[in-house]
Amino acid sequence: MSVENIFAQILDRVRRATDALIAGGVLPAGIDQSRVAVEPPRDPAHGDMATNAAMVLAKEAGKKPRDLAEQIAEKLRGDDLVERVDVAGPGFINLTLKPAAWINALRTTVQLGLKYGQSDIGRGKPVNVEYVSANPTGPMHIGHCRGAVFGDALASLLAFTGFKVTREYYINDAGAQVDVLARSAFLRYREALDEDIGSIPEGLYPGDYLKPVGAALAAEYADTLRRQPEAQWLPLVRAKAIEMMMAAIRADLAALNVTHDVFYSERSLIAGGVDRVAETIEWLRARGYVYEGRLPPPKGAPVEDWEDREQTLFRSTSFGDDVDRALKKSDGSYTYFASDIAYHRSKIERGFQALIDVWGADHGGYIKRMQAAVAALSDRTAELDVKLIQLVKLLRAGEPVKMSKRAGDFVTLREVVDEVGRDAVRFMMLFRKNDAVLDFDLAKVIEQSRDNAVFYVQYGHARGQSVFRNARAVFSDLPADIAELAEIAPLELLSDPAELSLMRRIALYPRVVEGASLAHEPHRIAFYLFDLASEFHALWTLGNASPHLRFIIQDDRQTTAARLVLVQGVVTVIASGLALLGVDAPNEMR
RNA sequence: GCGCUCGUAGCUCAGCUGGAUAGAGCAUCAGACUUCGAAUCUGAGGGUCGGGAGUUCGAAUCUCUCCGAGCGCGCCA
């Protein structure tokens, strides 16, 4: 819990009050206090904070909630941070804090700067976040983009809250699809040797992006490959194609500022004479989780070439899955699931007990078996959270965007980033819950209006910075160092309801960050920033009708100094939140 | 047929892991620019939280059951 989280501070005071009641025999010793919470009330008229302590504890204590609330309230009265305590409704304890509490919180915010909102709730626990993991068979398309941004932001958020994060990409470079890639590249290789290849046959990748691969192969091997049988050239062409596709993918990710610490190759699981997949299967078999058996045919949609046969199965039903899952295909090779188990075993062996996988929504049916595998591999100690990322519908002014033929019938990530910019892409991808379908309108996201959340938040930051530029022109003697300014500024002059409300919003940030981190929901940061910007813009406009509420008061150095600290609080939090999302916080909008 | 994810204002969506009278944006209507950039702001109308039942002090949130949408359902990854 971070020291600057004022909600945590107040929860601590509530704990002291209930502990005192336990000591006094009013509450039973050992009562479960885990559900006691302190949160901002929906209605500001109820005060600054409310706690449910009395309602949560009443039953076990055998007391009426209202009576217990009164006793807790009595203990809280006289607290140095608390101005007023009221008992309301079914037993809420409403707290109104002294202005000094908010003033201190603001001062702390500004002095901590970009460290504000950090916490140690992760306690250094290693977390592995796997995201993107797009097949190396072509450039990134818009469908990959959302998962990439989500995973990247989630990783940043976890790191900010004290987890030891590893960002990981699983390269699917071992399945049949990379052989298809190799054959497709081989065609382009022949094309590069001036052969007429006609149209690309059905089943191969048609995109132009393989032409450079063909050219590179021609430069490297001249026409030697062409005279070899496929079994000979395929591994060479495949390796080259994968290498070049991964380079393209890394470049695409770089354009989005998405980074990874580890690129883990599926092929490496079975390379160098060590078969880690077989090892893992035997490891599981020794523990009774793998057996030879038969599966019932799938219900519903009939499978045409279904044959009932004995196969190697993983006992995922022991961990809540509906059926056991096949580990080998009929030709004896491993299923994708088998390698994926071996891959997740490597994560566990590398010391991760907390795993997060970011997948496309079409993989939803895969979650249970993978969680089952992780449970089996770790003796139920490791936890896998799978975040499903829903579809992105790409629009332009309300109309669906058509595919680009050259890229191979999909819109590439690069095209979109080039058109609307990285910030718009990143913010909008996070301005929705991960499991909700997202409409991404290319025309809307570059609009400069409130309807465009990216612009609106960035503009808030730029506006804040412009106040400082203007203030320096008026009061050149104010300290340039913001921490020093916060030290000397008479913050008690910030007494207007709109100012206090903004201070409360700023104080909410660490709580939002913690909640978003624990829930693995980075979108909460984006929505919070929108609300913060909104409140800041409103206060700004108040200055039009009420000149005494402007940030810079020509003949009042003290008030100006105090308000600059408030503006800095807003600027700091917007910059911090945008940084978590990987979005720039511009000093001016041009 | 089974499983997963959803269903909240006319539209697009939040709702802080069970809290008080369910909130924003867009759209509609009515307002605010001799400004610290109005690229903004203020106000109004608009809801059976898909329907029903249950759990408890209290449910949009948890459970069950219907209705509807999307995704998935040995040898694709």
Side-chain angles (χ1 to χ4, degrees), chain A residues 35 37 39-43 46 50 52 55-56 58-59 64-66 88-92 94 133 135 137 172 174-178 266 295-301 303 305-309 311 313 321-323 325-326 328-333 335-337 339-340 360-368 388 390-391 431-433 435-439 441 444 447-453 455-456 459 462-463 466-467 469-471 473-474 508 511-512 514-516 518-519 521 523-524 527-528 530-531 534 537-545 547 550-554 560 567 588-589:
Chain A
R35 289 176 59 217
E39 43 195 20
R42 213 190 296 266
D43 185 347
H46 292 141
N52 59 356
M55 293 180 290
V56 171
K59 195 169 203 176
K64 289 181 181 169
R66 295 275 313 201
F92 284 102
N94 291 331
S133 298
N135 292 339
T137 54
N172 298 136
Q177 85 286 353
V178 286
E266 178 184 2
L295 284 181
K299 305 270 197 296
V303 178
D305 56 349
W306 170 265
E307 61 167 309
D308 185 31
R309 62 177 185 84
Q311 52 189 340
L313 298 171
D321 200 0
D322 313 313
V323 289
R325 303 292 176 175
K328 280 186 176 176
K329 305 176 193 171
S330 56
D331 66 0
S333 63
T335 59
Y336 178 78
F337 181 46
S339 339
D340 220 0
D362 54 340
H363 290 60
Y366 202 74
I367 295 179
K368 276 189 182 174
L388 288 185
Q390 260 296 355
L391 227 60
F431 199 54
R432 196 108 315 176
K433 256 185 321 206
D435 49 19
V437 180
L438 179 142
D439 289 344
D441 195 314
K444 200 65 117 183
E447 214 171 79
Q448 300 203 331
S449 75
R450 177 162 199 166
D451 197 17
N452 175 8
F455 166 77
Y456 188 74
Y459 180 44
R463 261 190 157 176
S466 86
V467 172
R469 287 193 293 272
N470 289 320
V474 179
L508 207 55
R511 182 186 149 85
V512 172
E514 286 182 4
L518 293 174
E521 291 185 350
H523 76 274
R524 292 190 198 180
F527 282 96
Y528 167 82
F530 186 83
D531 290 342
S534 176
H537 287 308
L539 178 58
W540 181 293
T541 306
L542 274 184
N544 287 343
R550 294 182 182 186
F551 298 120
I552 300 168
I553 308 292
Q554 297 283 341
T560 302
V567 171
E588 48 189 337
M589 300 304 284

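Reminder, nothing fancy here: chain letters follow the sequence lines and each chain counts from 1.
In this structure, a donor-acceptor pair under 3.5 Å is present between the side chains of Asp331(A) and Ser333(A). Side-chain atoms of Arg463(A) and His537(A) form a donor-acceptor pair, as typed in the model, at a separation below 3.5 Å.
Between Lys433(A) and rU8(B) there is no side-chain N or O to OP1 or OP2 distance below 4.0 Å. For Lys64(A), no side-chain nitrogen or oxygen approaches OP1 or OP2 of rC57(B) to under 4.0 Å. Under 4.0 angstrom from either OP1 or OP2 of rA20(B) there lies at least one side-chain N or O belonging to Arg42(A). OP1 or OP2 of rC75(B) has not a single side-chain nitrogen or oxygen of Lys328(A) nearer than 4.0 Å. Contact annotation: Arg450(A) side-chain N/O to rG25(B) OP1/OP2 distance is under 4.0 Å. OP1 or OP2 of rC73(B) has not a single side-chain nitrogen or oxygen of His363(A) nearer than 4.0 Å.
Note on Val323(A): nothing from the nucleic acid sits closer than 4.0 angstrom, heavy atoms only. Within the nucleic acid shown, Phe431(A) has no heavy atom closer than 4.0 Å to any nucleic acid atom. Residue Tyr366(A) is classed as a base contact, given a heavy-atom separation below 4.0 Å to a base. Base engagement by Val467(A) is indicated by at least one non-hydrogen atom pair under 4.0 Å involving a base atom. Using a 4.0 Å heavy-atom criterion, one finds that Arg325(A) contacts no nucleic acid atom at all. Nucleic acid contact class of Ala50(A) (heavy atoms, under 4.0 Å, all strands): base. Across all strands, Asn94(A) comes closer than 4.0 Å to base atoms (heavy-atom distances). Nucleic acid contact class of Gly515(A) (heavy atoms, under 4.0 Å, all strands): none. Counting any heavy atom pair closer than 4.0 Å across all strands shown, Gln390(A) reaches no nucleic acid atom. Across all strands shown, Pro65(A) has no heavy atoms under 4.0 Å from either base or sugar-phosphate atoms. Looking at heavy-atom distances under 4.0 Å, Gln311(A) makes contact with a base. Among the heavy atoms of the strands lying under 4.0 Å from Ala519(A) is at least one base atom, whether or not backbone atoms are also near.
Across all strands shown, rC33(B) forms no Watson-Crick or G-U wobble pair with both key distances under 3.5 Å. Across every strand in view, rC75(B) sits unpaired, with no contact that passes the Watson-Crick or G-U test at under 3.5 angstrom. Remark: rU5(B) base-pairs with rA69(B); criterion is Watson-Crick or G-U wobble with both hydrogen-bond distances under 3.5 Å. With a cut-off of 3.5 Å on both Watson-Crick or G-U wobble distances, the partner of rA59(B) is given as none. Pair assignment for rU28(B) gives rA44(B), based on Watson-Crick or G-U wobble hydrogen-bonding distances that are each under 3.5 Å. rU21(B) is unpaired under the criterion used here, namely a Watson-Crick or G-U wobble arrangement in which both key atom distances are under 3.5 Å.
Comparing rU12(B), rC36(B), rC75(B) by their closest approach to the side chain of Asn470(A) singles out rC36(B). Of all nucleotides listed (rG3(B), rG19(B), rC75(B)), rG19(B) comes nearest to the side chain of Asn52(A). Closest to the side chain of Arg35(A), out of rC36(B), rA77(B), rG58(B), is rG58(B). Looking at the side chain of Asp451(A), the nearest of the listed nucleotides rG19(B), rC26(B), rA20(B) is rC26(B). Among the nucleotides rC75(B), rC4(B), rC36(B), the one closest to any side-chain atom of Lys368(A) is rC4(B). Of the candidate nucleotides rA20(B), rA77(B), rU56(B), rA20(B) has the atom nearest to the side chain of Pro41(A). Listed nucleotides rA77(B), rU56(B), rU40(B) differ in distance to Tyr456(A); the shortest reach to its side chain belongs to rU40(B). Side-chain atoms of Met55(A) lie closest to rC57(B) of the nucleotides rC57(B), rC4(B), rU17(B). Taking the side chain of Asp362(A) as heavy atoms from C-beta on, and the options rC6(B), rG72(B), rC41(B), the nearest nucleotide is rG72(B). The side chain of Glu39(A) approaches rU17(B) more closely than any other nucleotide in the set rA77(B), rC4(B), rU17(B).
Judged by distance alone with a 3.5 Å cut-off, no donor-acceptor contact links the side chain of Asp43(A) to the base of rA22(B).
Comparing the P positions of rC26(B) and rU42(B) gives an interatomic distance of 11 Å, to the nearest angstrom.
A salt bridge does not link Glu514(A) with Arg511(A): none of the charged nitrogens is closer than 4.0 Å to a carboxylate oxygen.
With hydrogens and angles ignored, the 3.5 Å screen pairs a side-chain donor or acceptor of Thr335(A) with a backbone N or O of Ala326(A). Counting only distance, with no hydrogens or angles, the side chain of Asn452(A) and the backbone of Glu447(A) share a donor-acceptor pair below 3.5 Å.
Between Tyr336(A) and Glu266(A) the shortest side-chain heavy-atom distance falls below 4.5 Å. Phe530(A) has its side chain within reach of Arg450(A): a pair of non-hydrogen atoms, C-beta onward, lies under 4.5 Å apart. At least one side-chain heavy atom of Phe92(A) sits under 4.5 Å from a side-chain heavy atom of Met55(A).
Going from atom CG of Leu438(A) over to atom P of rC13(B) covers 8 Å, rounded to whole Å.
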